[in-house]
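Here is how names work: the chains are called A, B, and so on, in the same order as the sequence lines, proteins then strands, and each is numbered from 1. These figures come from a predicted structure and were not determined experimentally.
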Number of protein chains: 2
Amino acid sequence: MRLRQLECFRALMLHGTMTRAAELLGMSQPGISTMIAGLEHETGLTLFLRRGGRLQPTPEAKLFYVEAARALEAVENASRVAAEIRSGRRGHLAIAAYPSISIKLLPRLLSQFAKGRPELQVKIITRNSATVRELVSTQQFDLAVAELPLDYPTSHMEVFSYDCMCMLPHAHPLAKLKQITPDDLDGVPFVTLFRGDPIYQQLASAFSEYGARWNVVAETEFFSTACQLVAEGRGVGIVDPVVSKPFTEGLAMRPFKPSIQSQIAILSPTHEAPSQMALDFVKLLRRALRA
Amino acid sequence: MRLRQLECFRALMLHGTMTRAAELLGMSQPGISTMIAGLEHETGLTLFLRRGGRLQPTPEAKLFYVEAARALEAVENASRVAAEIRSGRRGHLAIAAYPSISIKLLPRLLSQFAKGRPELQVKIITRNSATVRELVSTQQFDLAVAELPLDYPTSHMEVFSYDCMCMLPHAHPLAKLKQITPDDLDGVPFVTLFRGDPIYQQLASAFSEYGARWNVVAETEFFSTACQLVAEGRGVGIVDPVVSKPFTEGLAMRPFKPSIQSQIAILSPTHEAPSQMALDFVKLLRRALRA
DNA sequence: TGTCCATTATAGCAGATTCGTATAGTCGTC
DNA sequence: GACGACTATACGAATCTGCTATAATGGACA
């Protein structure tokens with residue numbers, strides 16, 4: 001059973017005569033004739049009665065038409081889907097990300113990305129960076145974003161490093177300074193991430209190196225929480241300048257010495273080829289993370 | 001997009017290598033290779049990554065596979081349905097019939113006909129013979145059975161004539177006779193069809209011709225009702241010997257003089273070709289009506 | 001009845017497609 | 001470095017497709 005036969009059959013059923021069906025399909029009448037003859041021969045069905053040089057569809061033809069039309073639609077649908085995939089209108093994007101980025105930056109980028117991609121399906125899973133790393137190794141995701149250091153490095157990894165900045169209310173006395181050091185923060189109420197976080201470790205080292213007293217008044221799990229505490233006047237804190245930017249509006253940001261490094265990475269599954277969709281989104285994400 | 005391309009694609013997705021897919025499809029490996037290359041070229045999708053002489057399906061291939069498989073199934077289904085139609089396993093049979101035949105005989109024949117035809121859809125509509133005639137002219141039915149005379153004759157019509165027989169309880173005194181005439185029934189309680197029915201007209205003539213008194217004690221719409229009244233001892237009656245046979249078990253049947261003719265006809269739509277299914281069923285019905 | 005018109009069917013041919021064989025290229029493994 | 005497993009390309013034969021030309025059929029109408 002060939003597709004062209006079904007197309008000819010459908011056109012003939014819809015338009016009554018071979019001559020007209022041929023016009024519609026842009027082919028000759030004898031072409032239709034042989035196609036229909038072939039279809040009748042191969043199916044063993046008498047689809048049309050030849051009455052007075054005209055065709056009359058048999059009841060069998062009407063029964064078969066339902067299935068033929070369905071089959072043609074399915075094929076045409078496959079063809080359309082192929083075009084949608086090619087043009088990036090259809091696809092899915094499963095992303096695993098650590099909390100700070102999945103709260104604001106990622107949704108913002110994704111909704112921007114989804115414009116003009118009506119059939120795009122997006123899945124975002126938020127886990128801590130260690131879990132994100134495990135999820136990537138199970139190949140369940142097209143893409144992942146995690147903080148470094150990872151327990152062990154993955155092959156496909158694109159790293160972004162940031163010098164963290166000190167955030168404090170505009171009204172804070174230290175906001176007058178162009179740059180802030182541990183000395184400036186000696187005994188100043190400080191909001192930080194939990195003890196396990198690399199940022200915490202680096203801060204602890206920095207304060208002890210400078211011989212300043214690090215007065216931690218709050219430990220949070222997410223940057224966003226820390227930022228909110230600072231905004232409420234609970235103390236000052238330190239964040240990366242890109243991923244956390246959406247949370248620091250209305251706060252003063254000052255460079256911090258010594259350099260406190262925040263590193264995040266875009267991870268790709270190792271054994272799986274990335275989809276074009278994923279590659280396209282990575283471009284957008286990369287641009288955002290470089291900014 | 002050609003079917004063979006989709007078949008090759010499916011086999012390749014299912015079996016991993018072109019070599020194996022070729023075996024499964026009974027073709028050569030280069031054949032698969034060119035088919036896939038053609039499909040990739042025509043869809044504009046990169047469906048497989050060539051890594052070290054091996055193929056690795058891309059995420060796009062996985063997306064497309066869903067639709068490709070669906071399309072192939074639809075086509076294969078159409079092919080299967082064609083075979084079912086050809087073999088008579090699939091089809092429908094819409095029959096309009098007058099009450100007496102649609103109550104017993106028709107269902108009995110249809111259930112016999114439906115054996116070995118799993119996908120057969122049957123529709124029976126019961127109307128009086130005049131309405132049946134109208135329904136046939138609207139071409140909504142594959143077949144109809146009505147009593148004669150019709151108000152006007154249809155072109156495709158096969159007539160069956162019966163000499164009606166007298167029915168009476170076995171215990172009835174007249175059951176001893178081999179044959180019954182209006183004289184025998186002079187004043188005998190009689191159950192008959194309604195006044196409008198051809199049978200009624202013929203009986204009235206017969207009794208008046210013989211100068212016998214026709215003692216009608218009940219008029220019914222259906223033969224089945226009349227038969228039941230006779231079985232209950234309400235009187236004697238007259239029915240055709242074939243269509244009404246299912247209702248007359250337990251009753252004595254005797255030939256009646258003069259001949260009271262019951263005529264019924266199998267009607268086919270005029271402008272519509274009959275389905276093979278309908279033709280097959282007519283054969284069965286004809287055999288039953290001739291018996 | 002004969003002519004015209006609209007339709008379908010068949011024949012023959014050119015081009016496209018399909019699919020085989022032969023062969024080369026690639027990569028991992030031992 | 002040879003082998004094995006795999007894919008890609010070249011080329012030719014068979015098949016399929018779809019065209020033009022033409023025949024055949026039957027209805028409409030003068």
Applying a 4.0 Å non-hydrogen cut-off, can you work out what A/G38 is touching in the nucleic acid: base, sugar-phosphate, or nothing?
nothing
Whole-Å distance between C/dT7 C1' and A/L12 CG?
12 Å
So, does B/T17 get its side chain near the phosphate of D/dA5, meaning an N or O under 4.0 Å from OP1 or OP2?
no
Give me the ring orientation class for B/F9 and B/F48: parallel if the planes are under 30° apart, tilted from 30 to 60°, perpendicular past 60°.
perpendicular
So that I can tick it off, tell me whether B/R80 and A/E67 are bridged by a salt bridge, with the cut-off set at under 4.0 angstrom between side-chain N and carboxylate O.
no
Measure the distance from CG on B/L39 to P on C/dT17 and round it to the nearest whole Å.
15 Å
Charged N-O contact under 4.0 Å between A/R4 and A/E7
yes
Rounded at 0.5 Å granularity, tell me how far CD in B/Q29 sits from CE in B/M18.
7.0 Å
Check this one for me: any side-chain N or O of B/R50 less than 4.0 Å away from OP1 or OP2 of D/dA8?
yes
Whole-Å distance separating the CD atom of B/Q56 from the C1' atom of D/dC6:
15 Å
Per side-chain contact (heavy atoms from CB on, under 4.5 Å), B/L110 is matched among B/L285, B/L120, B/V122 by B/V122
Length of the CD-C1' vector between A/Q29 and D/dA23, whole Å:
12 Å
Here the distance between atom P of D/dC16 and atom CZ of A/R2, to the nearest Å, is 6 Å
For a quick test of reading the model: is some side-chain N or O of A/R4 closer than 4.0 Å to OP1 or OP2 of D/dG18?
yes
Indicate, with a heavy-atom threshold strictly under 4.0 Å, whether A/L55 touches base, sugar-phosphate, or nothing.
sugar-phosphate
Just N and O in the side chain of B/S33: are any of them under 4.0 Å from OP1 or OP2 of D/dA8?
yes
So, is A/T34 close to the C/dA9 phosphate, meaning a side-chain N or O under 4.0 Å from OP1 or OP2?
no
I need the CD1-P distance between A/I36 and C/dT10, as an integer number of Å.
14 Å
A/M27 CE to D/dT17 C1', in whole Å, measures 8 Å
Nucleotide D/dA8, atom C1' - distance to CZ of B/F48 in whole Å
15 Å
For A/R54 and A/S28, take the nucleotide of DNA chain D holding the closest heavy atom to each; which residue's nucleotide lies nearer the 5' end?
A/S28
